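Working notes, structure below.
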Amino acid sequence: MSSPSPTARRRVRTPGAPLSREEQRAQQTWVDGAEPELPVRSTPPQRVVFHLGPTNSGKTYESLQALAEVGSGVYAAPLRQLAHEAYAKLSAVLPAGTVGLSTGEEEIDPGAPIVCCTVEKAPPAGELLVLDESHWVADPDRGHHWARLLLTGEYREMHLISAAEALLLLKPLVADAVETEVVNHKRLSRLDVLPAPVKPQQVRPQTLVVAFSRKTVYAVAAQLDRHRTGKVGVLYGALPPATRRDVIARFTRGELEVLVTTDVIGHGINVPATTVLFAETQKFDGTELRPLRTWEAAQIAGRAGRYGLTGHGSVGVLGGVPGLRPVASLVTAGASVARGDTMSDLPNRLPRLRPELDDLGAFEPVDLPEALMRWSVWARTATRAQAMTPDDVSGLVLRVHALLPMMRGPLAADLFTVWRLVNLAIDHDPPRKVRWLALARAALRHRAGLDVPGELVLPPVPRGTTVQEYELVAAQAREAQTLLRSFPGVGGLVAEDAARVEERCAARITELLPEAIGLSSASRCVSCGVGIAPWFTTCRDCGTRAPSRSSDRRPGRSSGGGSPAGRGAGGRSPRRSDVGAGGRSDPQAHDRSARGRGSDGGPPRTDSARPKHRRRGRSGGGPAGAR
């Protein structure tokens, strides 16, 4: 039985269970002729090639070769760093002016025949599309951009790069293709598992050490810097893109021998690393603290032994760092997936569909909350038999509700302006919501012809402060760029002004990083000196002990004193239970930017994730229960 044509699919009612009363009302409340339609393209692709396989198997290399041969098209990826990497590779083999770059933060010849970009910046049509890390189509935060591009992108040819497990997710999105081809790739270099943990003094050059928070990255780097002073670098999501590129370039040239990094390194970034060591094997994913999945461990482990850059690779765990207990069996399982020996546990989530403004049937900004929820009910029904699911629009509704109270008098705005504001790619999660609201108010004031102080939009470059302060200002400058590209002139500024502030912050961070690594505190209790996890400052005993009384005669309990370093309270020797225990002193330790997700989004989370609370005293150094 032949499938209906794309045009016919628009009006096909989904068979199956009868509609609920709520769904029936949602279907009947659309104005005649204004009912939404599932996204389709008018011209299907002539050819779709699936490049499937583990890391380091030549998937991206072959796709870029095809793009260079055609000479016209788009390379789209989830990270700015990947877009830069493809831009550099293609620029090295093609004539000047042939390749452009478009990442939202940086534009270089965006009208060139070939454009390397982030997925959000990909044009809707072209000759050939190379879509890297295509499994991101199921990401709950950004996957709707992948889904929209695959469902509606009018390209003559598409090359989709992903792990083999994602084929079942991707194939239905391009079911209208005239011809499809599946190319299975095998890993091009060997990947061995180290038989025993590696101690800090044993770490060799060309090694990546992986941790999952900014604090842990610096704590581990400080431990390693003692043995390779000045030769250890750090890489994490909160660093400005220019600083990240500089760190990667220094590691590639051999100026840095060891790179301590978050999982940002696992998303296709290629560096000459012979060894990958896991300092920890669990991460906070924005919802819960959990062990790595094997597909996540494989993405990271696969950075070792890149074909054409080094020989074969090795993967293992780093031991000897107080408070961190990586699980070797999880790393072994990840290495097996990275070699292509076993299938991964990539979550089987349906791609997300998010509405466009034209889908909502709204006339005024005040209509948006109801229109979004009505669309959500309609979409649940319309996608029942489709290879997709509606995106959660509650975040958009919350943004609209936050804007409506301020849109009075001169700050009243039209529907299109409000839709642009609620869709700005600026974090809305607390505490970043305050920043988004301030930028939105500034845009509304500018639109009304009212004065907007420039420093409200773009803070000045700090002077003589810490790396973290420069990171904060650089992040605010990137947010200002996002606003100013949609609303130029706010505060008398343009996007280039914000880019210059970010560049200056990045340059200063690059200067300060070596000193910041050297000055990072060891992972020890500030009261008794026992080893603890890097995100704590006190052990369990010191963090939960009742305040001392004047009659208390035990040693080390006075306000000005303390137990000798390396001994527990009251002079006792440290207990095993002290490791990784204690009260948290940094409430930001697990926020998204601190844990390495930042603006890069990070790998997809599971839909079934639920907030979980750690038992008091857990260090987070290994999977729950692995003690």
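As the structure is a computational prediction, the values presented were derived from the model and not from experiment. Sequential numbering from 1 along the given sequence is applied to the chain's residues.
The closest side-chain donor-acceptor pair between D132 and T60 falls under 3.5 angstrom. Checked by atom type, the side-chain pair E133/Q299 shows a donor-acceptor distance below 3.5 Å. Side-chain contact, H144 with R352: no donor N or O sits under 3.5 Å from an acceptor N or O. With hydrogens and angles left out, the side-chain atoms of S189 and R306 include no donor and acceptor closer than 3.5 Å. A donor-acceptor contact under 3.5 angstrom links the side chains of T342 and S336, judged on distance only. A donor and an acceptor atom, one from each side chain of T216 and S213, are located under 3.5 Å apart.
One distance of note links CG of L52 with CG of L167; it measures 5.5 Å at 0.5 Å rounding. Taking NZ of K59 as the reference point, atom OG of S134 lies at 10.0 Å (rounded to 0.5 Å). Atom-to-atom distance recorded for R226:CZ and I517:CD1 is 13.5 Å, nearest 0.5 angstrom. Atoms CD and CG, on E296 and L330 in that order, are 9.5 Å from each other to the nearest 0.5 Å. M158 contributes atom CE, which lies 11.0 Å from atom CG of L170 (distance to the nearest 0.5 angstrom). Rounding to the nearest 0.5 angstrom, the gap separating the CG atom in L160 from the CG atom in L150 is 6.0 Å.
Taking 4.0 Å as the cut-off between side-chain N and carboxylate O, R204 and E257 do not count as a salt-bridged pair. E85 and R245 are not joined by a salt bridge, as no carboxylate oxygen comes within less than 4.0 angstrom of a charged side-chain nitrogen. Contact check on R142 versus E120 returns a salt bridge, with a Lys/Arg side-chain nitrogen under 4.0 Å from an Asp/Glu carboxylate oxygen. Salt bridge status for R244 with D246: absent, with no side-chain N to carboxylate O gap under 4.0 Å.
Considering all non-hydrogen atoms of both residues, T281 and V327 come closest at OG1-N, 3.0 Å. Nearest heavy atoms, A301 versus V315: CB-CG2, 3.8 Å. Looking at every heavy atom in both residues, P140 comes nearest to R349 through CD-NH2, 4.2 Å. Closest non-hydrogen pair, P78 versus V119, comes out as N-CG2, 4.4 Å. Considering all non-hydrogen atoms of both residues, L191 and A338 come closest at CD2-CB, 3.7 Å. R187 approaches G302 most closely through the heavy-atom pair NH1-O, 3.5 Å.
When atom types are taken as modelled, the side chain of T294 and the backbone of D345 share a donor-acceptor pair closer than 3.5 angstrom. The closest donor-acceptor contact from the side chain of T332 to the backbone of A328 lies under 3.5 Å.
Between F278 and F212, the ring center distance fails the sub-6.0 Å criterion. For W136 and H145, the ring centers sit 6.0 Å or farther from each other.
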*For the pair I300 and V276, evaluate side chain to side chain contact (heavy atoms under 4.5 Å, CB included) and give the outcome as yes or no after the intermediate values.*
CA-CA 8 Å; I300 298 167; V276 170; 4.0 Å; yes

*Apply side chain to side chain contact (heavy atoms under 4.5 Å, CB included) to R214 and E471, showing your working.*
CA-CA 12 Å; R214 185 185 186 279; E471 289 172 359; 2.9 Å; yes

*Hey, mind stepping through I248 and Q81 against side chain to side chain contact (heavy atoms under 4.5 Å, CB included) and telling me if it holds?*
CA-CA 10 Å; I248 290 172; Q81 184 64 40; 3.7 Å; yes

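Put simply, the side chain of V99 reaches to within 4.5 Å of the side chain of C116, judged on heavy atoms. Residues P326 and L318 form no side-chain contact, since every pair of their non-hydrogen atoms from C-beta on lies 4.5 Å or further apart. Taking the side chain as every heavy atom from C-beta outward, T275 and L208 never approach each other to under 4.5 Å. In this structure, K121 and T118 have side chains that are in contact, with non-hydrogen atoms separated by less than 4.5 Å. With contacts defined as side-chain heavy-atom distances shorter than 4.5 Å, the pair Y236/T261 does not qualify. Contact annotation: the side chain of E181 approaches that of V183 to within less than 4.5 Å [non-hydrogen atoms, C-beta and beyond]. Under the 4.5 Å side-chain criterion, counting only non-hydrogen atoms from C-beta, W146 is in contact with L131. Considering only heavy atoms from C-beta on, D263 comes within 4.5 Å of K283 through its side chain.
Counting only residues at least two apart or in different chains, salt bridge (charged side-chain N to carboxylate O under 4.0 Å, His left out) contacts with residues 333-343 comprise R339-D341.
Residues meeting the ring-ring contact (aromatic ring centres under 6.0 Å, His included) test with H51, sequence neighbours left out: H159, H185. By the salt bridge (charged side-chain N to carboxylate O under 4.0 Å, His left out) test, D392 is found to be paired with no residue, residues two or more places apart in sequence or in another chain being considered.
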